[in-house]
**Q** 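Dropping the structure in here first, questions after.
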Amino acid sequence: MTVLVDPPNAAGHGRLWSHVASDESFEELHAFAAALGVPRRGFDRDHYDVPAEWYERLLAAGAVPVSSRELLERLRKAGLRRPKMWTPVPRRPGATLLRPPRLRDGDVVAVVQPAGPVEPARLAAGVEVLRGWGLEVRPTGQLTEPPADPPLPYLAADDGRRAAELVAAWTDLDVKAVWATRGGYGTQRLLDLLDWELLGASSPRLLVGFSDVTALHQAVAARLGTATLHAPGIAALGDADEATRDQVRRAVMGCEAVELVGTPNGTSGGTVEGVVVGGNLTLLATSAGTGLVHPAQGGIAVLEDVGEAPYRIDRALTQLLRSGWFQGVRGVALGAFTRCGDPALVRQVLDERLGTLGVPVVHDLPFGHVPGNRPVPLGAAATLDARAGRLTVRSCLR
C-alpha cells in the first residue's frame, strides 16, 4: 500500500491543509481514509484534503511523507491525476458528459432494483448473461433478501431501503457498473433520498437501465455530469435474443459507436450534431420542474414510451414544451411507442407537437419497449441524419 501525504501548506478556510493521495488506486485511497474516519466529502477529484492537525495521525497510519511536487508527479506517472474535466460535477446542457470506464473481464456489476419487483426466473437468466461475458455480478440486498411485505405492490421495497442499496452499490469500491433489474415505477421516489455528495465523491461508474430508470439517468446527468447507458435492464436482457445481447455487450465492454436506423420525418430534414439526452417520455415530463433534470439544450433528444394513449403522449410533450425542456434542442430521435394505440394517430401527434421545434426528427429507431431494444449512450456526442433516418452515437465510455 502506498498512500502519500504532503506537508500542511495549502491555505483555505482559515487553516492549513495536507493532500492525501495514492499512486496505486483510488480504491486504496478511499479505504485508507475510511479506516481513519476521514469524511468522504474531503475527496477532491484525486486526493483528500485533510486539516493540518491530522498530519501526524496520517503518518502514524502509514502515509508516506512527500513534497507537494512529488505527490503530483507520482499521481501523473500512475495515471491517477484527475483534472476537473474528469470529476463527477454538473456540466452545462449540451456538453458531453464525463465518460465512465468500459467494463472488462472480471469487473463487478452491482444489480439494483430502484423501482418495481422482478420475477426471480427473469433476474436469474439476465444475471447468467452477464456472467457469460466474464463479469462478476452482485445482486443487492433486496434481491437476495426480499421484504416480506413491501409497502406497495408495485414497489420492490420501501423507499429508504431502495435508496440506501443504490448508494451502497454506487460507492462500493469494487463496483464498476450499476445495472437496474427493470423499470416499472418508483425510481422518482428515491431521488431526494440519495446522498449526492457521497455519490459525487466516488469514481465514475456506468449506470445501465431504461424506462423508469430515465429519472435516474436525468438525475445523474444533472448532479454528477456523468454519461449513462439507456439499455435493457437485467430481466429484459435475460429475455433478449442473441443479437440484442451482443449489441449490449459491445456497448458496455467496448468503445465503438452505436448506429440506429429508423424512418425520416418527411418534413424536417438535414443533419445535426449534439449530445444525446432523454429516455422515457412520461418520466421526462413528470420530472419537469424538480431540479433533477438535464434539459435538451444543444442536444439530440431521444424519446420512447409504452402504454400511453395518444392524448397522454400529447400531454407529456406539451408539458416538456411548456417547461422549456426542449429549448435549444438540435434534433429529435424517436424510438418505439409500444401499445400506445393507433400508430398513425401516435405519429400524427408526434409530428404535430414536435413540428413546432423546427428541427430534424427521425421516427421508428429500434430502442424502447420492443424486442431488440438497442443500447443508446446518453451524454455522448451524436449525429442525427434526418434524410437517411440515422442516429449515430459515440460511445459513452472510455
Side-chain angles (χ1 to χ4, degrees), residues 100 102-105 107 109-113 115-116 118-135 137 139 176-184 206-214 216-217 227-263 276 278-281 283 302-307 333-340 343 362-380 382 389-397:
R102 66 183 184 272
L103 300 183
R104 293 174 170 82
D105 187 62
D107 279 348
V109 175
V111 179
V112 298
Q113 195 160 225
V118 66
E119 297 172 18
R122 296 184 69 213
L123 173 63
V127 166
E128 286 307 308
V129 171
L130 296 189
R131 287 176 175 157
W133 298 347
L135 300 171
V137 184
K176 304 302 181 187
V178 174
W179 206 313
T181 58
R182 54 159 293 184
L206 177 63
L207 170 68
V208 187
F210 85 116
S211 193
D212 195 69
V213 184
T214 292
L216 191 54
H217 285 304
T228 58
L229 187 67
H230 183 282
I234 300 292
L237 198 60
D239 298 335
D241 58 33
E242 286 301 323
T244 301
R245 292 177 182 178
D246 184 61
Q247 291 158 0
V248 176
R249 180 189 60 78
R250 287 187 282 127
V252 300
M253 302 187 78
C255 289
E256 58 191 84
V258 173
E259 184 176 281
L260 301 92
V261 179
T263 58
V276 176
N280 180 265
L281 172 61
L283 266 295
V302 294
L303 305 173
E304 62 85 28
D305 221 320
V306 60
L334 299 168
F337 284 78
T338 304
R339 300 195 305 276
C340 291
V362 171
H363 287 265
D364 305 321
L365 293 166
F367 69 89
H369 291 76
V370 287
N373 177 18
R374 295 285 299 277
V376 181
L378 301 174
R390 181 182 297 111
L391 175 68
T392 304
V393 191
R394 286 76 165 165
S395 175
C396 64
L397 305 177

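In this text, all values refer to a predicted model and were calculated from it rather than measured experimentally.
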**Q** Rounded to the nearest 0.5 Å, what separation is found between the NE2 atom of H230 and the CG atom of L207?
**A**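 Going from the NE2 atom of H230 to the CG atom of L207 covers 11.0 Å.
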
**Q** Closest approach of G307 and C340, non-hydrogen atoms and distance?
**A**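 Answer, listing the atom of G307 first, then C340: N-SG, 3.7 Å.
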
**Q** Considering only heavy atoms from C-beta outward, does the side chain of R122 approach that of R182 to under 4.5 Å?
**A** no

**Q** Rounded to the nearest 0.5 Å, what's the gap from CD1 on I234 to CG on L130? Could you check?
**A**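 So the CD1 of I234 and the CG of L130 are separated by 4.0 Å.
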
**Q** Can you name the closest pair of heavy atoms from A177 and L103 and give their distance?
**A**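 The pair with the smallest heavy-atom distance is CB-CD2, 3.8 Å.
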
**Q** With a 3.5 Å distance limit and no angle check, can you tell me whether T338 reaches the backbone of H369 through a side-chain donor-acceptor pair?
**A** yes

**Q** Quick check: do R394 and P377 have side-chain heavy atoms less than 4.5 Å from each other?
**A**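 R394 does not reach P377 side chain to side chain.
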
**Q** Could you go through the side chain to side chain contact (heavy atoms under 4.5 Å, CB included) check for E304 and V370 one step at a time?
**A** CA-CA 10 Å; E304 62 85 28; V370 287; over 6 Å; no

**Q** If I compare all heavy atoms of P100 with all of L206, which pair ends up nearest, and what's the gap?
**A** CB-N, 3.8 Å

**Q** Quick one: does V248's side chain get under 4.5 Å of R245's, heavy atoms only?
**A** no

**Q** Does some side-chain heavy atom of L391 sit less than 4.5 Å from a side-chain heavy atom of V302?
**A** yes

**Q** Could you tell me which non-hydrogen atom of A180 sits nearest to which non-hydrogen atom of V213, and how far apart they are?
**A** CB-CG2, 3.7 Å

**Q** Looking at CG of N373 and CG of L237, how far apart are the two atoms once the value is rounded to the nearest 0.5 Å?
**A** 10.0 Å

**Q** Is the centre of the H217 ring less than 6.0 Å from the centre of the F210 ring?
**A**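 Between H217 and F210, the centre distance exceeds or equals 6.0 Å.
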
**Q** Between the main-chain N or O of D246 and the side-chain N or O of W133, is there a donor-acceptor pair closer than 3.5 Å?
**A**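 No: the side chain of W133 does not pair with the backbone of D246.
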
**Q** At what distance, to the nearest 0.5 angstrom, does OG1 of T181 lie from CD of Q113?
**A**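 T181 OG1 to Q113 CD: 4.0 Å, rounded to 0.5 Å.
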
**Q** Less than 4.5 Å apart, any side-chain heavy atom of N280 and any of D212?
**A** no

**Q** If every non-hydrogen atom of S211 is compared with every non-hydrogen atom of G183, which pair is closest and at what distance?
**A**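 Smallest heavy-atom distance, with atoms named: CB-CA, 4.5 Å.
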
**Q** D241: which residues meet the side chain to side chain donor-acceptor pair (under 3.5 Å) condition with it, sequence neighbours left out?
**A** T244

**Q** Do V258 and R374 have side-chain heavy atoms sitting under 4.5 Å apart?
**A** yes

**Q** Using atom types as modelled and distance alone, determine if a side-chain donor or acceptor of E256 lies under 3.5 Å from a backbone N or O of R250.
**A** no

**Q** Could you measure the distance from the CD atom of Q247 to the CG atom of L260? Nearest 0.5 Å is fine.
**A** 8.5 Å

**Q** Measure across V137 and P139 and return the closest heavy-atom pair with its distance rounded to 0.1 Å.
**A** O-CD, 3.7 Å

**Q** Going from CG on L365 to CZ on R390, what distance comes out if it is rounded to the nearest 0.5 angstrom?
**A**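 If we round to the nearest 0.5 Å, L365:CG and R390:CZ are 11.0 Å apart.
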
**Q** Which is it for T228 and L216 under the side chain to side chain contact (heavy atoms under 4.5 Å, CB included) test, yes or no, and what are the steps along the way?
**A** CA-CA 10 Å; T228 58; L216 191 54; over 6 Å; no

